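These notes concern the structure reproduced below.
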Protein chains: 2
Amino acid sequence: MDRLDRKLLNLLQRDASRTNVALSEEVGLSPSSCLRRVRRLSRSGIIERIVAILDPARAGRVLKALVTVELKLHGEQHMRRFLDLAVAEEAVAQAYAVTGEIDVVLVLRLRDMEEFDGLCDRLFRDRTNVARFFTMMVIRTAKDETAIPL
Amino acid sequence: MDRLDRKLLNLLQRDASRTNVALSEEVGLSPSSCLRRVRRLSRSGIIERIVAILDPARAGRVLKALVTVELKLHGEQHMRRFLDLAVAEEAVAQAYAVTGEIDVVLVLRLRDMEEFDGLCDRLFRDRTNVARFFTMMVIRTAKDETAIPL
DNA sequence: CAGTCTTATGCAATTTTATTGCACGCTGGC
DNA sequence: GCCAGCGTGCAATAAAATTGCATAAGACTG
């Protein structure tokens with residue numbers, strides 16, 4: 001992992017749609033060397049995958065919400081059961097078990113409040129193990145970065 | 001946006017590294033038609049960009065944390081000033097202004113606790129406008145999805 | 001219902017890109 | 001100073017992307 005690898009990763013984290021030829025020119029390598037480096041980075045696992053990022057609004061998910069959840073019972077099985085429920089929800093983009101008073105944090109991508117209503121029923125009321133939950137609707141996104149600084 | 005477009009978007013959200021030829025076979029189109037559809041989706045903006053997703057651990061960011069922040073002063077300028085500070089931090093992956101008691105939620109990707117210490121100093125103590133903040137370190141990631149369900 | 005316009009499709013030709021073998025040069029260990 | 005290992009560039013080849021073109025499928029209109 002030298003300077004060139006970091007440069008490649010930084011470029012690919014911002015825009016992985018360019019051709020290998022273009023990439024090689026940006027880093028000052030021949031196309032073949034550049035390709036071999038990128039493949040090495042992929043095989044090594046530091047590049048997990050290449051994905052398309054969609055515009056949430058145009059994909060019909062205009063609302064983003066963060067939900068903190070406190071469980072009643074804190075055993076491993078109860079935690080797992082709740083997380084399994086949450087993971088199965090397509091509106092749940094991220095689900096984290098966390099330290100502190102809060103047990104679980106969910107990040108939701110919602111079509112509308114009706115979808116949120118249904119999700120609350122399934123996750124938070126219906127015979128599950130939730131003591132309390134607190135919803136924060138996202139008003140403004142100041143930063144939303146998939147890239148990891150190197 | 002018909003069934004084929006949705007299929008293409010779903011495939012590309014999971015793996016945008018495959019060739020157009022492979023993609024066209026998966027959806028049952030000729031390569032040229034497939035390419036034209038994908039380009040239309042890109043130009044329309046629903047595909048925002050193609051990026052490489054890195055393994056955070058291998059990229060040296062082993063810790064993830066969520067921080068809720070309450071500001072002392074809630075005016076637009078105070079909010080903006082704090083968000084500007086937060087956005088400038090490379091450890092801050094996401095920054096949201098939200099509804100509720102909490103004003104701002106940050107998602108952090110940290111190398112170690114020392115980096116967190118420095119960040120706290122800069123964002124939460126040093127003459128800023130923070131009444132209270134609450135940190136949740138992520139213990140387990142049950143779901144972490146970039147794809148948006150269509 | 002026929003006509004027409006718009007739009008998407010497949011095919012084929014062409015251009016561009018990815019991929020591989022190979023020889024060279026650089027670097028570190030001995 | 002010599003050798004092994006690794007990365008590099010070049011060139012040839014294979015594969016993929018891109019484009020023009022003719023056709024087919026709908027959608028709208030009269």
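Since the structure is predicted, the reported quantities are computational estimates derived from the model, not experimental observations. Each chain gets a letter, A, B and so on, in the order its sequence line appears, and its residues count up from 1. The analysis underlying the following values was restricted to heavy atoms, covering all of them including side chains, and did not include hydrogens, waters or symmetry mates.
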Begin from the C-alpha positions of R58(A) and L41(B) and carry the test side chain to side chain contact (heavy atoms under 4.5 Å, CB included) through to its verdict.
CA-CA 11 Å; R58(A) 281 187 239 248; L41(B) 292 168; over 6 Å; no
Rounded to whole angstrom units, what separation is found between the [atom1] atom of [X] and the [atom2] atom of [N]?
{"X": "I50(B)", "N": "dA17(D)", "atom1": "CD1", "atom2": "P", "result": "13 Å"}
{"X": "L35(A)", "N": "dC10(D)", "atom1": "CG", "atom2": "P", "result": "16 Å"}
{"X": "L8(A)", "N": "dG7(D)", "atom1": "CG", "atom2": "C1'", "result": "14 Å"}
{"X": "L41(A)", "N": "dG7(D)", "atom1": "CG", "atom2": "C1'", "result": "14 Å"}

Which ones in residues 15-32 of chain A lie close to DNA chain D, meaning a heavy atom under 4.0 Å from one of its atoms?
L29(A), S30(A), S32(A)
So where does chain A start and stop touching DNA chain C, 5' to 3', when the test is distance under 4.0 Å to a non-hydrogen atom?
dT17(C) to dG21(C)
Under-4.0 Å salt bridge between [X] and [Y]:
{"X": "E90(A)", "Y": "K143(B)", "result": "no"}
{"X": "R109(B)", "Y": "E115(B)", "result": "no"}
{"X": "R14(A)", "Y": "E145(A)", "result": "yes"}
{"X": "R132(B)", "Y": "D103(B)", "result": "no"}
{"X": "R37(B)", "Y": "D2(B)", "result": "yes"}

If you link I, L, V, M, F, W and Y whenever their side-chain heavy atoms are under 4.5 Å apart, who else ends up in the same group as I53(B)?
V51(A), I53(A), V51(B)
Flag yes if more than 12 heavy atoms outside E76(A) fall under 6.0 Å of its CD atom; otherwise flag no.
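Buried by this count: over 12 neighbours within 6.0 Å.
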N/O (side chain, R36(B)) to phosphate O (OP1/OP2, dA17(D)) under 4.0 Å
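The answer is no; no side-chain N or O of R36(B) sits under 4.0 Å from OP1 or OP2.
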